[in-house]
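Following: one structure in structure tokens, then a few remarks.
Fair warning: this is a prediction, and the values are worked out from it, not measured in the lab. Lettering of chains follows the sequences in order, A, B, ..., and the numbering in each one begins at 1.
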Amino acid sequence: MLTADIPPNHSIYIQNLNERIKKEELKRSLYCLFSQFGRILDVVALKTPKLRGQAWVTFSEVTAAGHAVRQMQNFPFYDKPMRLQYAKAKSDCLAKAEGTFVPKDKKRKQEEKVERKREESQRPNTANGPSANGPSANNGVPAPSFQPSGQETMPPNNILFIQNLPHETTSMMLQLLFEQYPGFKEIRMIDAKPGIAFVEYEDDVQASIAMQPLQGFKITPQNPMVISFAKK
DNA sequence: AGCACA
């Protein structure tokens, strides 16, 4: 089994992410998407040359990470199928919580210990030449199946915007879910736009209270719903 | 492809 000889970990390692998405939006969207599996302790994404297109999501429970890796494999996210594995190392946030966190310079020393075997008198100048990566015009990738496109960062609103619903979803199904929370007013769906819905509450606070427990709720196994505040 | 915590 080539896929992963990596032992279970609280953190999952995600690759093949859309590199055009800004770091903060990416982290927000990953948080929304993965919170269905359990409590998320941290999301890490860097845009450095070596680390772009990748992210780590750390769960409070290893079992949550396991479910995430299996169920979200190849999930189309910003138009690209996610590749998921367990992370290879423990996340710093967890190590800090356990009090076993080793600051970075000490970590370096440990690595050097291993490298001492190959002690080289001098490093040949084979290091990275000037990067030949021009700003390649990211060949326009259109209309993904799941495109949060900044919605997560909307300010609170009494209307919620729901995405990634299976096309067979009815407003009655959604009502059963959303009316459990106080202040519920109505569901609005648009026949010409399957897969999305608007849910109205009396006020912003009630809307955000409903958003949290229903975030990532699955009407079918393939459709964790993605909830954000509607645009004003 | 690429396994970090700015």
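- Atom CG in D92(A) sits about 10 Å away from atom P in dA4(B), given to the nearest Å.
- Remark: V44(A), L46(A) in residues 39-46 of chain A come within less than 4.0 Å of DNA chain B through at least one heavy atom.
- The nucleotide whose nearest atom lies closest to any side-chain atom of T48(A) is, among dA4(B), dG2(B), dA6(B), dA6(B).
- Within 6.0 Å of CD on E61(A) lie no more than 12 heavy atoms contributed by other residues, nucleotides or ligands.
- Atom-to-atom, CH2 of W56(A) to P of dA6(B) comes out at 12 Å; the value is rounded to the nearest Å.
- Shown here is K232(A), whose NZ atom has more than 12 heavy atoms of other residues, nucleotides or ligands within 6.0 Å.
- Side-chain atoms of Q85(A) come within donor-acceptor range of the base of dC3(B), with a qualifying N/O pair under 3.5 Å.
- By the 4.5 Å heavy-atom criterion applied to side chains, Y201(A) and S208(A) are not counted as neighbours.
- Positionally, the nearest nucleotide of DNA chain B for K50(A) lies more toward the 5' end than for the other of K50(A) and C93(A).
- Here the nucleotide nearest the side chain of E19(A), chosen from dC3(B), dA4(B), dA1(B), is dA1(B).
- Applying the side-chain contact (heavy atoms from CB on, under 4.5 Å) test between M82(A) and each of N16(A), L33(A), N74(A) identifies L33(A) as the sole match.
- Between the NZ atom of K90(A) and the P atom of dA4(B) there is a distance of 16 Å, given to the nearest Å.
- For N223(A), the side chain to side chain donor-acceptor pair (under 3.5 Å) partners two or more places apart in sequence, or in a different chain, are T220(A).
- Separating the CZ atom of F101(A) from the P atom of dC5(B) is a distance of 10 Å, rounded to the nearest angstrom.
- Atom CG of L30(A) is separated from atom C1' of dC5(B) by 15 Å (rounded to the nearest Å).
- Sorted by first and then second residue, the pairs that involve residues 165-175 of chain A and meet side chain to side chain donor-acceptor pair (under 3.5 Å), not counting sequence neighbours, are Q175(A)-E179(A).
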